[in-house]
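Along the sequence shown, residues carry numbers from 1.
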Amino acid sequence: MPTAADYLAITPSPARAQWRSIVVRPWAVEGRRQVAFTPVETLLCLAASLLVDHRRYGGSTAHRAEEPVPSLAQLFKRPNSSILAKMANLDGSRRNGARHEVEVAARLLGGQDELASVYRIIVRAARDVGVTAENLPDFLYLEHDDAPLILLGQDEVSTSDIVDAVQTEHPGVTDQVTELLLIAAARVGQHRFARDVLRNHAHRCVFCGLSVTVDDRRAPRMLVASHIKPWRDSGPRERLDVANGLTACPTHDVAFDTGLLTVNGGLRIHIHTDLHRKVDNDPALHAAFGRPPLAERLLLPADALPPQRAYLDWHRTHVYRETPTT
């Protein structure tokens with residue numbers, strides 16, 4: 001049985017050997033026990049958990065799982081359900097996995113640099129034995145450079161907020177590894193939330209329409225996906241609810257977060273009264289808060305899930321106050 005070191009300290013040679021065994025493996029037969037997951041398979045399932053929440057899929061809906069689950073299932077010659085079950089083992093949802101898998105998940109999800117390094121070793125080893133990008137997509141976009149792995153939306157949540165939430169929602173947890181995994185899972189949940197909000201709004205500021213693409217790739221940090229009702233004030237379901245999020249450029253994100261902007265139930269954008277009086281006399285303010293570029297109503301794609309009115313009402317009640325904001 002593999003040890004934790006076989007995952008955390010994986011090197012190219014054993015990774016290539018594992019890939020060779022996967023490539024020649026026969027397809028899993030229903031009703032027969034599957035071969036054990038190799039470390040490279042398990043680690044790629046962990047990396048895929050940054051993009052896919054296995055809890056969204058049950059036994060009858062596993063075939064609908066989004067990428068990269070289908071690609072990994074095809075490559076590993078396993079059903080989608082096996083990939084999703086391994087994800088559940090890794091985050092502690094199921095107790096079928098070995099304890100060292102949970103320890104590996106807690107460590108790598110809590111240290112994105114280590115996860116990025118392991119991911120690159122595995123993907124490059126796959127290429128060495130002939131596994132192409134068509135069969136194994138570079139779903140974290142880390143293969144061709146040494147750029148860091150960045151989890152989205154992390155500036156919105158502090159470590160103390162996450163620790164407080166974990167201790168409140170899981171009061172019986174005393175095991176350090178489990179607590180670290182829960183903290184890491186909260187950060188991964190925030191990453192998935194931010195990614196889904198950006199997708200929902202077609203990677204465009206809902207206040208002014210800003211969208212920046214350079215060399216056919218979206219420019220980093222030009223858009224922020226944040227909660228309407230903040231993470232620390234939200235319950236577990238609200239923290240993951242796309243209808244509790246807005247995509248904004250940094251200027252309008254801060255303006256919304258500090259109460260200079262709000263949105264009513266009809267999705268009309270309101271500007272703080274004092275700011276509104278100054279916009280016409282200050283070219284810089286007009287460039288940010290004049291109409292245009294600021295829209296009259298939220299700029300949402302036709303197929304977007306609109307923000308839920310309850311969250312907008314919370315923002316107007318608790319954040320948008322007709323007093324000067326310092």
Side-chain angles (χ1 to χ4, degrees), residues 1-30 32-55 57 59 62-63 65-109 111-112 114-143 149 181 184-185 188:
M1 178 178 290
T3 67
D6 292 319
Y7 298 82
L8 298 171
I10 192 168
T11 57
S13 181
R16 286 191 291 265
Q18 291 168 41
W19 277 120
R20 291 188 188 99
S21 71
I22 293 168
V23 169
V24 300
R25 172 190 299 165
W27 267 94
V29 177
E30 187 175 357
R32 292 186 184 178
R33 185 178 181 85
Q34 296 183 35
V35 297
F37 274 71
T38 64
V40 297
E41 292 176 279
T42 298
L43 290 165
L44 282 179
C45 288
L46 180 65
S49 71
L50 297 181
L51 307 180
V52 179
D53 183 358
H54 67 83
R55 294 177 182 82
Y57 307 99
H63 64 284
E66 61 187 305
E67 287 291 350
V69 170
S71 291
L72 294 180
Q74 183 74 19
L75 182 58
F76 300 161
K77 301 185 177 74
R78 303 178 187 273
N80 282 11
S81 57
S82 292
I83 308 301
L84 297 169
K86 178 55 68 175
M87 291 179 175
N89 291 342
L90 287 163
D91 73 4
S93 299
R94 298 183 185 179
R95 295 300 180 184
N96 296 336
R99 175 170 174 77
H100 63 254
E101 290 187 346
V102 175
E103 294 173 355
V104 167
R107 176 163 168 179
L108 292 180
L109 292 178
Q112 285 78 55
E114 284 187 88
L115 180 56
S117 177
V118 165
Y119 174 87
R120 288 189 179 97
I121 289 171
I122 292 171
V123 173
R124 290 168 182 169
R127 304 291 184 249
D128 290 343
V129 301
V131 179
T132 67
E134 182 178 356
N135 295 319
L136 175 61
D138 175 21
F139 55 87
L140 293 187
Y141 302 100
L142 296 172
E143 179 182 1
L149 171 61
L181 186 60
V188 171

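Once rounded to the nearest 0.5 Å, the distance linking OG of Ser49 with CG of Leu115 reads 8.0 Å. Going from atom CG of Leu140 over to atom CD of Gln112 covers 11.0 Å, rounded to the nearest 0.5 Å. A distance of 9.0 Å separates CG in Asp138 from CZ in Arg120, rounded to the nearest 0.5 Å. Between atom CZ of residue Phe139 and atom CG of residue Leu44 there is a gap of 5.0 Å, rounded to the nearest 0.5 Å. Rounded to the nearest 0.5 Å, atoms CG (Leu72) and OG (Ser82) are 12.0 Å apart.
Taking every heavy atom of both residues into account, Ile121 and Thr11 meet most closely at CG2-C, 3.9 Å. For the residue pair Cys45 and Ile83, the shortest heavy atom distance occurs at SG-CG2, 3.8 Å. Taking both residues in full, the closest heavy atoms of Ala47 and Tyr119 are given as CB-CD1, 4.0 Å, listed atom of the first, atom of the second, then distance. Residues Ala125 and Ala15 come closest through the heavy atom pair CB-CB, 3.6 Å. The two residues Met87 and Ala48 make their nearest non-hydrogen contact at CE-CB, 3.5 Å. In plain terms, the two heavy atoms of Glu101 and Leu90 that are nearest each other are O-CD2, 3.7 Å.
Aromatic ring orientation, His100 versus Tyr7: tilted (interplanar angle from 30° to 60°).
When the salt bridge (charged side-chain N to carboxylate O under 4.0 Å, His left out) test is applied to Asp128, the partners found at least two apart in sequence or on another chain are Arg16. Residues that satisfy the side-chain contact (heavy atoms from CB on, under 4.5 Å) test with Arg107, not counting sequence neighbours, are Leu8, Glu114. With sequence neighbours left out, the side-chain contact (heavy atoms from CB on, under 4.5 Å) criterion links Ala184 to Leu109. Here Thr3 pairs with Ala5, Asp6 under the side-chain contact (heavy atoms from CB on, under 4.5 Å) rule; sequence neighbours left out. Scanning for side-chain contact (heavy atoms from CB on, under 4.5 Å) contacts around Gln18 gives Ile10, Pro14, Thr38, Pro39, Val40, with sequence neighbours left out.
Counting heavy atoms from C-beta on, the side chains of Leu149 and Leu50 come closer than 4.5 Å.
Counting only distance, with no hydrogens or angles, the side chain of Trp19 and the backbone of Ile122 share a donor-acceptor pair below 3.5 Å.
Of the options Val123, Ile22, Leu136, a side chain to side chain contact (heavy atoms under 4.5 Å, CB included) to Val131 is made by Leu136 and by none of the others.
Sorted by first and then second residue, the side chain to side chain donor-acceptor pair (under 3.5 Å) pairs involving residues 66-80 (not counting sequence neighbours) are Gln34-Arg78, Glu41-Arg78, Glu66-Arg199, Glu67-Ser71.
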